[in-house]
Amino acid sequence: MKKVRSILFAISIISFFAILGIHQDQSVSAKTKYIESFPKQMRGTWYAYSPDMALTKFTIKKNSFKEVMFANKKNKNDYTYILKKPLTHNQYNKLVNIVNRLESRKKVSKKDKKSLINNRDKYLIANYSKSRKHTWLYITSRFYAGGAYNDNGYFKVQKINKFFVLSYAKSYQSVTNYVKSKSLAKKEAKHNKNIDELYF
């Protein structure tokens, strides 16, 4: 496979804010069109190996994706995310209230804690972001509160040298290209160290 390079301009600066009193409203925006399911071309299981042959696998379904990272055959980390509609103003304000109660060490029910954790770490919102001639599916947390913005990154399916490739990028990082064949992913990792050099 030939070396692929494509330079895209930086998308948006990621917001940071403290829990104490500083919350950005992530409820539905009239200017942004959010999607609730992954495009069909993006669905399926995708594989990529790092230069040291550590495997990462994405399994994308209609409205969810699972990321599994293998440090070795016996050691793996997996994360499952679900696409949701953006929060309404009332839903957003309720979550902010939960955060404030936790901050003040007030009693919070298990149900409210679970809701906060799911909306912060598991539930996602997605919209398309155009960059020059390229369109990426931008995915991020439904709700965030404090610390770094939980940015799940950018996804794009494209055809490179007769193969469909799922390109995945974290903000301001180079892109990792995933393919639907584990053997092809392993081959490229061994023989082509530049498989990840589609730069963001």
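For reference, positions follow the sequence shown, starting with 1. Bear in mind the structure is a predicted one, so any value in this text is a computation, not a measurement. Because only heavy atoms are used, hydrogens play no part in the values below, and waters and symmetry mates are left out as well, while side chains stay in.
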Run the side chain to side chain contact (heavy atoms under 4.5 Å, CB included) check on Ser50 and Met69 step by step: do they pass?
CA-CA 11 Å; Ser50 65; Met69 296 178 287; over 6 Å; no
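- For the atom pair OG1 of Thr176 and CH2 of Trp46, the computed distance is 14.0 Å after rounding to the nearest 0.5 Å.
- Cluster membership check: Tyr128 shares its hydrophobic cluster with Ile60, using side-chain heavy-atom separations under 4.5 Å among Ile, Leu, Val, Met, Phe, Trp and Tyr.
- The closest side-chain heavy-atom distance from Leu116 to Leu102 is below 4.5 Å.
- Contact annotation: the side chain of Arg120 never approaches that of Ser141 to less than 4.5 Å [non-hydrogen atoms, C-beta and beyond].
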Stepwise, does the side chain to side chain contact (heavy atoms under 4.5 Å, CB included) test hold for Phe143 with Gln91?
CA-CA 10 Å; Phe143 177 81; Gln91 289 172 330; over 6 Å; no
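- Ile82 and Tyr79 fall into different hydrophobic clusters, where Ile, Leu, Val, Met, Phe, Trp and Tyr are joined by side-chain heavy atoms under 4.5 Å apart, directly or via other members.
- Looking at Asn93, its side chain does come within 3.5 Å of a backbone N or O of His89 through a donor-acceptor pair.
- Arg101 pairs by the salt bridge (Lys or Arg N to Asp or Glu O under 4.0 Å) definition with Asp112, not counting sequence neighbours.
- Under the rule for a ring-ring contact (aromatic ring centres under 6.0 Å, His included), Tyr123 has no partner lying at least two apart in sequence or in another chain.
- Scored by the ring-ring contact (aromatic ring centres under 6.0 Å, His included) test, Phe155 finds Phe58, Phe65, Tyr168 as partners (sequence neighbours excluded).
- Nearest heavy atoms, Tyr34 versus Pro86: CD1-CG, 3.3 Å.
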Could you please spell out the steps behind the side chain to side chain contact (heavy atoms under 4.5 Å, CB included) verdict for Leu55 and Lys76?
CA-CA 9 Å; Leu55 172 66; Lys76 69 176 183 178; over 6 Å; no
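- Considering CZ of Arg43 and NZ of Lys61, their distance stands at 12.0 Å, rounded to 0.5 Å.
- You'll find the side chain of Thr56 reaches within 4.5 Å of the side chain of Glu67, heavy atoms only.
- Around atom NZ of Lys180, more than 12 heavy atoms belonging to other residues, nucleotides or ligands sit under 6.0 Å away.
- No side-chain heavy atom of Tyr154 sits less than 4.5 Å from a side-chain heavy atom of Lys156.
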Could you give me the CA-CA distance, side-chain angles and deciding distance for Tyr47 and Lys186, then say whether side chain to side chain contact (heavy atoms under 4.5 Å, CB included) is met?
CA-CA 9 Å; Tyr47 305 91; Lys186 185 177 289 187; over 6 Å; no
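- Rounded to the nearest 0.5 Å, atoms CD1 (Ile98) and NZ (Lys111) are 10.0 Å apart.
- If you take CG on Asn119 and CZ on Arg142, they are separated by 5.0 Å, rounding to the nearest 0.5 Å.
- Between Ser183 atom OG and Tyr49 atom OH the span is 9.0 Å, to the nearest 0.5 Å.
- The shortest non-hydrogen separation linking Pro39 to Leu137 is CD-CD2, 4.2 Å.
- The shortest non-hydrogen separation linking Ile139 to Ala126 is CG1-CB, 3.9 Å.
- For the atom pair CG (Leu166) and OG1 (Thr45), the distance works out to 11.0 Å, reported to the nearest 0.5 Å.
- The two residues Leu83 and Ile35 make their nearest non-hydrogen contact at CD1-O, 4.4 Å.
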